[in-house]
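The next block holds one structure in the form of structure tokens; read it before the comments.
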Protein chains: 2
Amino acid sequence: MSDKERDEVRQRRHKPVELDDIDRKILRELAKDASQSYAELSQSVHLSTAAVHDRVKRLKRDEVITGTVARLDGCKLGRTLLTFVLVDTSSYAATRELLAFNVRPDVEEIHSVAGDSSVMIKVRANDTESLEAFLMEVQRLEGVRSVRSYIALSTFLERGPIPD
Amino acid sequence: MSDKERDEVRQRRHKPVELDDIDRKILRELAKDASQSYAELSQSVHLSTAAVHDRVKRLKRDEVITGTVARLDGCKLGRTLLTFVLVDTSSYAATRELLAFNVRPDVEEIHSVAGDSSVMIKVRANDTESLEAFLMEVQRLEGVRSVRSYIALSTFLERGPIPD
DNA sequence: ACTGAAAGTTACTAAGG
DNA sequence: CCTTAGTAACTTTCAGT
């Protein structure tokens, strides 16, 4: 692998994209409400619609913007029980098994976390019964040492990444 | 307050909205990609564009769809260190103080969780130094008993609520 | 890199079935 | 819930600065 190729990979993996104040303002606006038109956006940043269009296109090409999605209300969908589940496993094999839970519609996040080969799972279950069923499925896996659950009582903030 | 009024409030707060299979399909599609046109959506659900339009309008009115947002790449923004911070406080007053962290751009989620008046904070810091600065700010608060940090090594799934 | 305007699509509404 | 149709609003492109 040449220096150039390695640098390109490194850049793709690690290096943040260079953004100016206007880029950040656009990103903040779109992270808050992506349904607004380029005309509205252009007023926020004091640029023409075409200029905003170019910048948004670049931000999408550079994958700073990875997509546009609808935010849904968990309660209105019947998912009333948000829980963070911390699973401690004795092997990486068990950790890998946990990743298969990504097919469940009530599982929203899966992260491996530092320390004792653990996995953090954010699950929004319909009710206590389905949470219990989920926890039992996790417990049942080979190599699962412990499962700790943190049930959310109130949510005060919930959003995605935004720039400084 | 009349029975009718109370029921309306109750419905607004607790009762999930009645959804059929087509509604759920539309919601899944929009949660995945809200930039697609009604023409594309109508092909997914085998309905006319006008019918899809009506349904989406209803889903927004009923606040099943709470908004449309751009998903941003944390790494591309320079936020490389995702951490779940579990704060144990000795009083509700201290818990309330933690809510003030919602103004920080690196804090993405704040939930109160069951047991020992704890708070779960999801923070996506720029680097280890800014994470340390954040943790020290939390530690410094009156009534904070303990702070446990779970640093994410890899993220395998990260999305919002979707219907069954 | 931005502007202004033109060209092409889509969103939205309404009427009739 | 369907189709058709029509307008307004929006996205996208491009020549010009």
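Predicted, not measured: the structure shown is a model, and the values here were computed from it. Side chains included, hydrogens not; waters and symmetry mates left out as well; all remaining heavy atoms used. Every chain is numbered from 1 and lettered A, B, ... according to where its sequence line falls, protein lines coming before strand lines.
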Looking at A:Lys122 and A:Glu158, is any side-chain nitrogen of the basic one under 4.0 Å from a carboxylate oxygen of the acidic one?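 Between A:Lys122 and A:Glu158 there is a salt bridge, with a charged N closer than 4.0 Å to a carboxylate O.
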
Integer-rounded Å distance: [N] [atom2] and [X] [atom1]:
| X | N | atom1 | atom2 | result |
| --- | --- | --- | --- | --- |
| B:Leu47 | D:dT3 | CG | C1' | 13 Å |
| A:Tyr38 | C:dC2 | OH | C1' | 16 Å |
| B:Glu40 | C:dA11 | CD | P | 9 Å |
| B:Gln36 | C:dT9 | CD | P | 19 Å |
| B:Asp54 | C:dA14 | CG | C1' | 11 Å |
| A:Ile22 | C:dC2 | CD1 | P | 6 Å |
| A:Lys60 | D:dT11 | NZ | P | 9 Å |

What's A:Ala50 touching, base or sugar-phosphate or nothing? Going by heavy atoms closer than 4.0 Å. base

Determine the contact category for A:Arg58: base if any of its heavy atoms lies under 4.0 Å from a base atom, sugar-phosphate if only primed atoms, P, OP1 or OP2 are that close, otherwise nothing.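 Counting heavy atoms under 4.0 Å across all strands, no contact is made by A:Arg58.
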
Taking only side-chain nitrogens and oxygens of B:Lys57, does any of them come within less than 4.0 Å of OP1 or OP2 of C:dA11? no

Reckon B:His53 has a side-chain N or O less than 4.0 Å from the OP1 or OP2 of C:dA11? no

Would you indicate which nucleotide in D:dT3, C:dA1, D:dT13 comes nearest to any side-chain atom of B:Ser48? D:dT3

Which of C:dT3, C:dC12, D:dC10 is nearest the side chain of A:Ala51? It is C:dT3

